[in-house]
There are 2 protein chains.
Amino acid sequence: MEKKLIETQENILAAARTIFAKKGLAGARMQEIADAAGINKALLHYYYRSKEKLFEQVFEEAFKKLVGPLAAFLADDSELFLKIRNICTLYHKVMAEYPFIPNFIINEASTDPSRILKLLNIVGIEEGKKKTAMQISEAIETGKIRPIDPRELILNIISLSIFPFASRPISEQFLYKGEDMDEVLKSRANRVSEFIIQSIQI
Amino acid sequence: MEKKLIETQENILAAARTIFAKKGLAGARMQEIADAAGINKALLHYYYRSKEKLFEQVFEEAFKKLVGPLAAFLADDSELFLKIRNICTLYHKVMAEYPFIPNFIINEASTDPSRILKLLNIVGIEEGKKKTAMQISEAIETGKIRPIDPRELILNIISLSIFPFASRPISEQFLYKGEDMDEVLKSRANRVSEFIIQSIQI
DNA sequence: GTCTATAATTTGATAGAC
DNA sequence: GTCTATCAAATTATAGAC
């Protein structure tokens, strides 16, 4: 019995991830989720009392996937350039698998900002942030890299790693029409980290 | 009478822009739009037959705001580095005024991909694209910049210009908590273009 | 746990008076 | 053009049998 319960629950979550990601909280239909999970609405409500409850679980999962790599980067003790290569590789790997997550999170976050505030504390980041900011400042002082605000460098890394995936529905039409953008994005991680390092290296 | 008609219409559009941008097509409520426009639902339907019709107008406007700067960049006849500075400045100006547009467009585009296809032809871009790609290739051959795929350079420029605005609801919490991110973004255009030029310049 | 049937609400849209 | 009142459809949620 427990076996079946868990299996059904996983079916529901898998269906909910796909449909919430594509249509958002407001656009998703419980009926559609039930269909995709191979059950009916009543049973869906039996497992998750409300649409809101189901959504919260999916949202939290996705949020961790999005912020996890950043936390890992900030906490990483490697040398700066290696760290940059690491986060680019990691984000490109995660985004290739879940390209819809950035929009999903950003969107629902602007619809209801309180959603993020609840999750902020779950993902510890402050300590790593200080450490990495210090590391960057040190690299500047010792003349290893050009002067740049540490937060800005981090923001640039994230922008270059995430936006191409998030914007794919549009940018594919404009820049890579008829070509294999999958292939482009797959091999992009290395080029991005070199693009960044070239910019800051003295 | 014409005066009033146009004024009401503009009130409706202003309300619709805000609410559609924040909540999306599915999440927006006609009642809420009517309230924000200072009229009632019946009158709202009198001006725009359906929610879908109203949405289409708002979407098309926003789409042009997002893609316009790119088209201008591609068609620009200036020297390459100046062009890069121009598009960064332009995008930062537009995004400061309409920071919600990127998510809005990307989101509705993935919900219903056909929406973009309809608009693609409105914004002529192919000619400029070829010209700029050629210009970049030439800069590489003459040893002015390092080798890079022209499309990738363009994508990097756009990513660095747009993502920080789009992701603000989240990144503000992580990177600039308690600070004035408005100020940061306002002055960012110059730093971004220099970041890019530093990276490609030999 | 799983289903069918149905209640309860929300919401886009229209009718009709002024 | 603008309003009040109301309809019709869609959708979340629950009751109750098996």
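Only heavy atoms go into these numbers, but all of them, side chains included; no hydrogens, no water, no symmetry mates.
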For a quick check under 3.5 Å, do A:Asn11 and A:Glu7 share a side-chain donor-acceptor pair by atom type? no
Without decimals, in angstroms, what is the distance between B:Lys23 NZ and C:dT11 C1'? 14 Å
Is it the case that the ring center of A:Phe20 lies less than 6.0 angstrom away from the ring center of A:Phe104? no
Between C:dA13 (P) and B:Tyr48 (OH): distance, integer Å: 14 Å
Mind checking what makes salt bridge (Lys or Arg N to Asp or Glu O under 4.0 Å) contact with A:Glu56, not counting sequence neighbours? none
Spell out protein contact along nucleotides 4-18 of chain D as letters: B when the base is contacted, S when just the sugar-phosphate is, - when no protein heavy atom is under 4.0 Å; keep the 5' to 3' order. B------SBBBB---
Does the ring centre of A:Phe165 sit less than 6.0 Å away from the ring centre of B:Phe163? no
For B:Ile19 and C:dT11, give me the distance from atom CD1 to atom P, rounded to whole Å. 13 Å
Identify whether NZ of Lys or CZ of Arg in B:Lys83 sits under 6.0 Å from the centre of the six-membered ring of B:Phe73 and within 45° of that ring's axis. yes
